[in-house]
2 protein chains.
Amino acid sequence: MSVLFTAQMAKHYSLLQELQNENLAGVAYKNRKLIRSILTHFANSGNATIPYLSKLLNTSVPKTGELIAELIEAGLVKDYGKTGSSVGRRPNIYGLASDSAFFVGVEVKNNYINIGLLDFKKNLVKLSERLPYTLSNTQQSLDELCEIVKTFIEGLKDIAEKVLGIGISLSGRINYKTGYSYSFFYFNEEPLSSVIERKIGIPTYLDNDSRAMAYGEFCSGVVHDEKDVLFINIDYGIAMGVMINGELYYGKSGFAGEFGHIPFFQNEILCHCGKKGCLETETSGKALIDQFRQKLREGASSLLNSKYKNIDDIKLDDIIDAANNDDTLAIELIAKVGEKLGKAIAALINLYNPELIILGGRLAGAGDYIYYPVKSAINKYSLSLVNNDTQLKISRLGAKAGVIGACLMVRNKLLG
Amino acid sequence: MSVLFTAQMAKHYSLLQELQNENLAGVAYKNRKLIRSILTHFANSGNATIPYLSKLLNTSVPKTGELIAELIEAGLVKDYGKTGSSVGRRPNIYGLASDSAFFVGVEVKNNYINIGLLDFKKNLVKLSERLPYTLSNTQQSLDELCEIVKTFIEGLKDIAEKVLGIGISLSGRINYKTGYSYSFFYFNEEPLSSVIERKIGIPTYLDNDSRAMAYGEFCSGVVHDEKDVLFINIDYGIAMGVMINGELYYGKSGFAGEFGHIPFFQNEILCHCGKKGCLETETSGKALIDQFRQKLREGASSLLNSKYKNIDDIKLDDIIDAANNDDTLAIELIAKVGEKLGKAIAALINLYNPELIILGGRLAGAGDYIYYPVKSAINKYSLSLVNNDTQLKISRLGAKAGVIGACLMVRNKLLG
DNA sequence: AATAATTAATTAATATTTTTATTAATTATT
DNA sequence: AATAATTAATAAAAATATTAATTAATTATT
């Protein structure tokens, strides 16, 4: 493979490495900062011209030109030719070279893994969905996970060399900054991210599943210019990713967004977290399944009556499919869940005064059947002056949000 | 007065004005940015030496020295002599000149006004408390407010010239960025901040009362290095100031932190906001008064039985005083309010994973009688892994938080 | 079709900043 | 008490970035 390692690639890696170097000072430091800013601008906002960057960074045109030349020399940036017309000489436009670097995103679910490959310009160039895997809190399960990722990367052939990092999205409580996972694979003194990094040999970052999805949606989903955004992941459980001032919010230790376990009901339903009355106990995929099965046992009729002999075999996706096929029971129960959830979201609106709230996760697949009950409860329960500001939208990336978010997370770590 | 306006003062004002100038480019822009950074550092972290600043700003020592000389020339910065010993030649230490500029903070309450004067170095040099005033939503009330502030500033004599700005803390919904107040004095097309600014002739900024208090606590109260902090203002109503990543969080339009109106109870008590079940309806100063009076009517005994003939004359401060004098009824009812509030705060902890939560506002004057019930409810209702991170403290500035916060708000606007 | 007007890119001149060297001030060590 | 070691401040030299001037490329106008 080292035959493929060209002189340009060597330059490109040395420049990227230099960007991570913390020990620079003086002129070298300032140049690195400018180069980072240029790359970040390309990464987040796309191609740009030298005069534009010059104004943006408050640097002279000759200096900006010099930095761009350096980036082109290193193979990270490409000259994309002249831009569309206006008055005067047309500027050249520059941007990232899409095939100069790649990022791998891994979404670990309970019964399968999704892995995606993102190029330097945020294009999802490969996606392996539903690779068989069973998540359990054992060393063996962890080893298996690493093997699957390794195999995926080896299968990329010459691109494998250009993979700059791996982002892993995992459920449970994760401290993104330290790399520790507390809910899964907490066997060692060493942070989980380091353990995996050592096994695979590529820089690895961990994050919580809902936050990864949120990040995908923030960077290449439904979010445009909004800076204060909440992403609600309505799956088996309920969680939230928070974007504040254009950046993911983590809190002290990366546990922010535990929306599903706020004490919201006065009920006696025991949550898997050990407390009673958690939001999740009445408004989540799990709650919906329980409620649906209960209704069937009580003799209610549904499309799913005929599909399964055993009521306990009914899955969340079945209920969502049923609703999308006009099943009255599914629609009614989803609406009830939506109303309660909307009331809790109304509280979030009062607290965060967000510009946008995104409904994501599997239950968001129910589209209007979840959207309208949530929307109407928001109007009912939040202060009108405050909720006037807040748009409500359904996730655009859908099931791909997790993988794309995990890729973007690493990309941002290195470029942002 | 213009006799007092010296040549140095002219320089000083021109430099401060230049700092606000948005139309600088090139070298001038960069110098301004550096000067701003130096001033901000002095303002937030205190005095510093040239070698230290040089490292901090990644600027060479000669350049840093030049900028400091300019600031001294303008009278904004002072040379405070040599620092305490270490090895080698001891550096000179520089910092803000405390008497070079002042800030006025105005806290508007329902029945009085507090006005404070802060010097350049954050010392509260004058405080006029409980100036008689009645807040009502009329033009006359607004005029009266302006007159009181004007009188205060004129009374400062030669210092009046050096007042750089006025910060006003007002209850209700306020958009800090635009200067609009929606709950009070919303008579004109023009933002309220501009209206007042025109009347008094000094740059004026508005903010919400709870946020101003929170800001006081964040900058010169109980907060040290914490970056993610919640300040709960427990007064007649309940509201919150949020600090995220070391900065006040406003949300899309400055309405973030409406903690008191989240739908938290299933009760039928109508809140003044028009909704039912708001947090405030059962856990706030108003709720406490209502509950206390109700108990007395039901025949309960209390120290306050003898003090007032008419139960309706009992005020919030009386109940807090009673508790602090071991009145059982007051203590019990405050504890109940505290428990419910603690449950709601547990939700905040799950959502924000904050490093610190501050209990402020009048009810925080009940000290341990409110602290422990809140603390115990937090332990009961939030996820232990998350709440382990969160300290709970009582406000340090107490009744002065609002005035100090209002002063600091303007100071930060100009220096931060 | 030629010219003016406009903006981009490059080059040369100027200004600014940094780096290095030197001097100054101070503490610890011999 | 003298000297070495250390850090700060200043001065001089070198490096670097900016500004201004020039050339290039393009569109609108005469």
Side-chain angles (χ1 to χ4, degrees), chain A residues 15 18 21-38 41-42 46-74 77-95, chain B residues 15 18 21-38 41-42 45-73 77-95:
Chain A
L15 204 160
E18 197 186 306
N21 182 358
E22 296 286 324
N23 303 329
L24 294 177
V27 176
Y29 172 86
K30 286 178 188 172
N31 279 337
R32 186 195 64 173
K33 209 168 146 189
L34 285 170
I35 283 198
R36 260 198 103 88
S37 303
I38 293 175
H41 186 269
F42 286 152
N47 299 353
T49 67
I50 289 178
Y52 175 85
L53 288 170
S54 172
K55 265 173 210 145
L56 187 77
L57 307 176
N58 284 288
T59 323
S60 66
V61 168
K63 178 68 185 166
T64 309
E66 185 190 313
L67 294 170
I68 292 282
E70 193 178 334
L71 284 163
I72 290 174
E73 173 84 352
V77 163
K78 252 176 84 176
D79 182 341
Y80 284 95
K82 301 286 178 193
T83 51
S85 66
S86 80
V87 187
R89 177 172 170 177
R90 294 182 317 192
N92 282 40
I93 191 158
Y94 303 88
Chain B
L15 205 160
E18 197 186 305
N21 181 358
E22 296 287 324
N23 304 328
L24 294 177
V27 177
Y29 172 87
K30 286 177 189 173
N31 279 338
R32 187 195 63 173
K33 210 168 146 188
L34 285 171
I35 283 198
R36 258 199 105 85
S37 303
I38 293 175
H41 186 269
F42 285 152
S45 315
N47 300 353
T49 67
I50 289 178
Y52 175 85
L53 288 170
S54 172
K55 265 173 211 145
L56 187 77
L57 308 176
N58 283 289
T59 323
S60 66
V61 168
K63 178 68 186 165
T64 309
E66 186 191 311
L67 295 169
I68 291 281
E70 195 179 332
L71 284 163
I72 290 174
E73 174 84 352
V77 163
K78 251 177 82 177
D79 182 341
Y80 285 96
K82 302 285 177 192
T83 51
S85 67
S86 79
V87 187
R89 177 172 170 176
R90 294 182 320 193
N92 281 40
I93 190 157
Y94 302 89

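Labels below follow one simple rule: chain letters A, B, ... track the order of the sequence lines, proteins then strands, and each chain is numbered from 1.
- Listed nucleotides C:dT6, D:dT26, C:dT18 differ in distance to A:Lys30; the shortest reach to its side chain belongs to C:dT18.
- At a cut-off of 3.5 Å, with distance as the only test, no side-chain donor of B:Asn47 or B:Lys78 sits close to an acceptor on the other residue.
- Between A:Asn92 and C:dA8 there is no side-chain N or O to OP1 or OP2 distance below 4.0 Å.
- Remark: B:Ser37 engages B:Leu57 in a side-chain contact (heavy atoms from CB on, under 4.5 Å) (not counting sequence neighbours).
- Across the protein-nucleic acid pair, A:Lys63 atom NZ and D:dT16 atom P stand 9 Å apart, rounded to whole Å.
- Atom CG in A:Asn58 sits about 15 Å away from atom P in D:dA17, given to the nearest Å.
- Taking CZ of B:Phe42 as the reference point, atom CD1 of B:Ile68 lies at 4.0 Å (rounded to 0.5 Å).
- Each of A:Pro91 and A:Gly26 was matched to the nucleotide of DNA chain C holding its nearest heavy atom; the match closer to the 5' end belongs to A:Pro91.
- In this structure B:Ser54 satisfies the side-chain contact (heavy atoms from CB on, under 4.5 Å) test together with B:Val61, B:Thr64, sequence neighbours excluded.
- Not a single donor-acceptor pair, N or O on each side, falls under 3.5 Å between the base of D:dA25 and the side chain of A:Arg89.
- Taking every side-chain heavy atom of B:Val27 into account, D:dT18 is the closest of D:dT18, C:dT18, D:dT26.
- Candidate nucleotides D:dA17, C:dT19, D:dA9 were compared by shortest atom distance to the side chain of A:Glu66, and D:dA17 ranks first.
- For A:Lys82, the NZ atom counts as densely surrounded, since its 6.0 Å shell holds more than 12 non-hydrogen atoms of other residues, nucleotides or ligands.
- The nearest whole Å value for the distance from the NZ atom in A:Lys82 to the C1' atom in C:dA8 is 7 Å.
- Across the interface with DNA chain D, nearest-nucleotide mapping of A:Gly88 and A:Ser60 shows A:Ser60 to be the residue nearer the 5′ end.
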Report summary line: Note, DNA chain D 5' to 3' with Watson-Crick or G-U pairs under 3.5 Å encoded as ( ), [ ], | and . gives ||||||||||||||||||||||||||||||
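- Atom-to-atom, OH of B:Tyr29 to P of D:dT19 comes out at 14 Å; the value is rounded to the nearest Å.
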